Amino acid sequence: MLVLGIESSCDETGVALYDTHLGLLAHTLHTQVEMHAEYGGVVPELASRDHIRRVLPLTEKTLQLANRTLQDIDAIAYTQGPGLSGALLVGTSFAESLAFSLSVPTISVHHLEGHLLAPLLEENPPNFPFVALLVSGGHSQLMRVDSIGQYTLLGDTLDDAAGEAFDKTAKLLNLGYPGGPALSTLALNGIARFTLPRPLLKSDDLNFSFSGLKTSVLTLVNQHEPLDEKTKADIAYEFQEAVTDVLTKKCMLALRQTGLNKLIVSGGVGANTRLRAKLNAAAQRQSCHVSYPRLEFCTDNGAMIAFAGAMRLKSAPLGHQEQSHSFSVRPRWNLSELKTP
Ligand code: KG4
Ligand code: ZN
């Protein structure tokens, strides 16, 4: 079966075609990062308008790249939530209208389920069950994944998400938006000169807290104003060390507590090379295995949505019932509300 996937929950329009026998056939993406950078963060109304401009041309391009036509599509998967309501409405209404015109079923996908399953798009994917670390701009969660739709929350952030902490710290260092990638590049030039706290490192639960870290960075910045490039790099270095130390320690604790030996990492911060290096080394010491999505599938994309939809379709074929194609979006949607297909 051929599944078209549509992602439009935030500032990336992603479209992909996934074939349940042949795998991922094609995917395209438009990122709005440059458009929002001017404002220092995502402007929801601008995001929605840009999704409207992009979704149709990207769908045409994806079909062309895969050498398929609209008539080849068997089902359409789209992100129904969580995310920005206006942005979600664009992908949702587009997907439902197209499905109505083609008389094919739709599958509404939870954005985080897309991220969670993204590492399974790679070669030699891990089997269930495994522990998942989901670290994005909006989430820092550890989950036990037993099968599609069976997700048990093991730990969560008490305040800022890891990506949010990267972005806020980058802003304090004047690195622009979104600052995660820029901060980690700058950290390459830094050395261990400062000491920042490792929040909740020693607690025996699996929760995170990153907002205090950002406040400690602010104190450092104020003490060293005006910041020279060397000081900025040293702060970036120590901040990245602090966040990756905590994430690594909690992942290893989650593996020990669950008795599992497989970890998958997803979400934008999963692209961080220092985090990957530390997780790989720690997992090896604990005889565990870590899987990641390719770098471009760490951040938002259509491939993970097409794939999550295809996995749900495989687990529970939709049958021939008529679909109404009426729709709604779910800007707030807890992953634990998902059910097995
Ligand atoms: O998963 P994602 O694209 O969007 C959400 O669903 O939130 O993640 C974006 C987040 C941003 O906070 C960005 O700064 C962060 O991921 N990020 C990184 C890196 N690449 C992206 N953070 C640290 N290091 C990176 N290399
Ligand atoms: Zn995301």
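For the single chain, residues carry numbers from 1 onward in sequence order. All ligand and atom numbering here is 1-based and tracks the order in the structure. In this text the structure is predicted, and so the values were computed from the model without any measurement.
For ligand 1, one of its N or O atoms has an N or O atom of Gly163 under 3.5 Å away. Taking distance alone, with nitrogen or oxygen atoms compared against 3.5 Å, Glu164 stays at or beyond that limit from ligand 1. For ligand 1, the polar-atom distance check finds no N/O of Thr299 at less than 3.5 Å from any of the ligand's N/O atoms. Close N/O approach between Pro178 and ligand 1 is not found [any backbone or side-chain N/O within under 3.5 Å]. Distances between N or O atoms of Pro181 and those of ligand 1 include no value under 3.5 Å.
Within the 4.5 Å cutoff, the side chain of Leu46 has heavy atoms near those of the Tyr39 side chain. Using a 4.5 Å heavy-atom cutoff, the side chains of Asp156 and Leu206 are not in contact. Counting heavy atoms from C-beta on, the side chains of Met143 and Leu335 come closer than 4.5 Å. At least one side-chain heavy atom of Lys250 sits under 4.5 Å from a side-chain heavy atom of Asp205.
For the Zn ion (ligand 2), protein N/O/S neighbours under 2.8 Å (waters excluded) are His111 NE2, His115 NE2, Asp300 OD1.
Looking only at heavy atoms of the protein, atom 23 (C) of ligand 1 is closest to Asn272 ND2, 3.6 Å. The shortest contact between atom 12 (O) of ligand 1 and any protein heavy atom is with Asp167 OD2, 2.7 Å. When hydrogens are left out, the protein atom nearest atom 1 (O) of ligand 1 is Gly268 N, 3.0 Å; that is the closest non-hydrogen contact. Distance from atom 22 (N) of ligand 1 to its nearest protein heavy atom, with residue and atom name: Gly180 CA, 3.6 Å. For atom 4 (O) of ligand 1, the closest non-hydrogen atom of the protein is Asp300 OD1, 3.6 Å. Of the protein's heavy atoms, Gly137 N, 2.8 Å lies nearest to atom 7 (O) of ligand 1.
Counting non-hydrogen atoms of neighbouring residues, nucleotides and ligands closer than 6.0 angstrom, the CD atom of Gln223 exceeds 12 such neighbours. Atom NZ of Lys171 sits in a sparse spot, with 12 or fewer heavy atoms from other residues, nucleotides or ligands closer than 6.0 Å.
In terms of the side chain to side chain donor-acceptor pair (under 3.5 Å) criterion, Gln284 has no residue partners (sequence neighbours excluded). Residues that satisfy the side chain to side chain donor-acceptor pair (under 3.5 Å) test with Asn334, not counting sequence neighbours, are Ser336. For the side chain to side chain donor-acceptor pair (under 3.5 Å) test, no residue two or more places apart in sequence or in another chain qualifies with Lys249.
Residues Arg198 and Glu241 are not paired through a salt bridge, judged by the lack of any N-O separation under 4.0 Å between the basic side chain and the carboxylate. Salt bridge absent: Lys232 and Asp234 never bring a charged side-chain N and a carboxylate O closer than 4.0 Å.
Residue contacts with ligand 1 include His115, since one or more of its heavy atoms lies under 4.0 Å from the ligand. In this structure, Gly138 is part of the shell of residues with a heavy atom less than 4.0 angstrom from ligand 1. The closest approach between any non-hydrogen atom of His111 and ligand 1 is below 4.0 Å.
Taking the centre and axis of the six-membered ring of Tyr237, the NZ or CZ atom of Arg193 falls outside the cone set by 45° and 6.0 Å.
Val243 and Phe208 fall within a single hydrophobic cluster, where Ile, Leu, Val, Met, Phe, Trp and Tyr are joined by side-chain heavy atoms under 4.5 Å apart, directly or via other members.
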